[in-house]
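Working notes, structure below.
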Amino acid sequence: MDLVVIVPTYNEAENITALIDAIQLQFDSMRAARPALNPSILVVDDRSPDGTAAWVRAAARRYANVHLIEGDKAGLGAAYVRGMTHAMEALAADVVFEMDADFSHRPEDLPRLLDALDRGADFVIGSRYVPGGRLPPQWGWLRRANSWGGNLVARRVAGLGGVRDCTAGFRAIRSSLLRRIGVDRLGAKGYVFQISLLHAALRAGARVAEVPVTFVERAHGLSKLRLADITEFIRHAFALRLADSREFIRFALVGASGVAVNLGTFSALLALGWQAWLASAAAVETAIITNFLAHNVWTFEARRPAGRLRDRGMRFNLVSLLSLGLSTLVFVLMSKTFRHLAPQWWQLSGIVPAWWLNFRLNSAWTFAE
Ligand code: GDD
């Protein structure tokens, strides 16, 4: 397995040499447990004025598995996009790690992140907010509140609900997942890249695992996080929510148009002399097909769904069948429990969960990226 630890750097001359040595030490123990492992380090430096790159070049003379790419400073996210693309294309990475250069992520935690991938996850987070995870004791209430608030916004606004540490920058990710997402399309240049990537991973059906880590206060130098990064973070969280809502609303509109297609086809076929039951079945299938095509070109236009159109069509049909099953089940249960209600209420009680199931399954499965 080819594994690449990506370390973005901006003015990290004081840290980078010691970090590379510390990571190599972990590589030795990881290789002892997995002989087929081929680990390397990729430093993505944005022409740091303090000469970080020179220290990386010196390390690359000592270790054949240390690589450097340089570019203009365009933010942490932009550096990661360049790093991930290079790791997958030039270094044939099967797995990439995200890691800070300043020792706030402990190199000795690297093997535990890899273990979680072995257990079947494809997006592993070194998490400060699961039991066993820790924040630096010297962090004051303001930094704690900032980090906690950032995660709250990510969970509640950007819809990253199930994840505890959404903003963490210590991660292990399978390249196959990154390819499915298309990291170059994320368009988040700064620190906000972290939630943008996680959001895309969840939407692509990633199996996310959180491994507790102790976050350490940086050894040397200063954090590059600024107030502008925080405002960009909040703005982007709302943009992610809006993108999700847009799909939700479009799904509902297409569904409503399907009712018109259904009724129109039904009436036309009856006029042509078809038997009613046959006309009804054909009308339902026609609406399923037109809905499916509309979802392809409009509802999920921002996605690049995996697989062939025909396979997606089959999935869509299957989901429709399941939704019909659920709606009938709820209808029957309601009719037995609430006999005094008008049948329209039984029907409505079936439509709502069936519609919800339809949206969730098609969003996470049929049109998954
Ligand atoms: N190449 C490049 N370009 N690297 C950068 C840039 C940039 O514009 N900005 C920051 N870095 C590098 C730093 O040199 C460091 O190695 C790493 O990215 C993290 O930067 P810090 O400035 O130390 O970030 P932080 O400690 O405030 O934030 C960390 O924790 C956050 C969660 O609390 C990062 O891991 C974030 O990703 C994370 O969201």
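When a ligand or atom number is given, it counts from 1 through the structure's own listing order.
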Starting from [atom], find the nearest protein heavy-atom neighbour and note its residue, name and distance.
atom: atom 27 (O) of ligand 1; value: S223 OG, 2.6 Å
atom: atom 30 (O) of ligand 1; value: F215 CZ, 3.9 Å
atom: atom 38 (C) of ligand 1; value: T167 O, 3.2 Å
atom: atom 3 (N) of ligand 1; value: D46 OD2, 2.7 Å
atom: atom 14 (O) of ligand 1; value: E12 OE2, 2.5 Å
atom: atom 22 (O) of ligand 1; value: K224 N, 2.5 Å
atom: atom 7 (C) of ligand 1; value: K73 NZ, 3.4 Å

Tell me yes or no: between the side chains of [X] and [Y], is some donor less than 3.5 Å from an acceptor?
X: T9; Y: D45; answer: yes
X: S127; Y: R171; answer: no
X: E12; Y: N15; answer: yes
X: N296; Y: E301; answer: no
X: Y63; Y: D21; answer: yes

Show me which atoms of ligand 1 lie under 4.0 Å from any heavy atom of [X].
X: D102; answer: 23 (O)
X: P8; answer: 4 (N), 12 (C), 13 (C), 14 (O), 15 (C), 16 (O), 18 (O)
X: G75; answer: 3 (N), 7 (C), 8 (O)
X: T9; answer: 1 (N), 2 (C), 4 (N), 14 (O)
X: D100; answer: 16 (O), 17 (C), 19 (C), 29 (C), 34 (C), 35 (O)
X: Q194; answer: 37 (O), 39 (O)

Is any NZ, NE, NH1 or NH2 atom of the basic residue among [X] and [Y] found under 4.0 Å from an Asp or Glu carboxylate oxygen of the other?
X: D46; Y: R82; answer: yes
X: D244; Y: R241; answer: no
X: D72; Y: R47; answer: yes
X: E232; Y: R226; answer: no
X: D115; Y: R112; answer: no
X: R34; Y: D118; answer: yes

Practice problem: Kindly say whether the aromatic ring centers of F215 and W139 come within a distance under 6.0 Å. | Solution: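 Yes: the rings meet the under 6.0 Å criterion.
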Are any of the N/O atoms in [X] less than 3.5 Å from those in ligand 1?
X: R143; answer: no
X: R218; answer: yes
X: A168; answer: no
X: A79; answer: no

Quiz item: Is the closest heavy atom of H105 to ligand 1 under 4.0 Å?
Solution: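 Right, H105 reaches ligand 1.
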Quiz prompt | Close approach, S147 and ligand 1, non-hydrogen under 4.0 angstrom | solution =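 Distance cut 4.0 Å: S147 fails for ligand 1.
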Quiz item: Which bit of Y191 is near ligand 1, meaning a heavy atom under 4.0 Å away: side chain, backbone, both or neither?
Solution: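 Just the side chain.
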Quiz item: Where's the contact between R128 and ligand 1, heavy-atom distance under 4.0 Å: side chain, backbone, both or neither?
Solution: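 It is the side chain that gets close, since no backbone atom is under 4.0 Å.
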Practice problem: Specify the closest pair of heavy atoms between D165 and E210, including all atoms of both residues, with the distance to one decimal. | Solution: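 Shortest heavy-atom contact: N-OE1, 2.9 Å.
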Quiz item: To which of V44, L76, L135, I69 does the heavy atom nearest atom 11 (N) of ligand 1 belong?
Solution: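 Minimum heavy-atom distance to atom 11 (N) of ligand 1 goes to L76.
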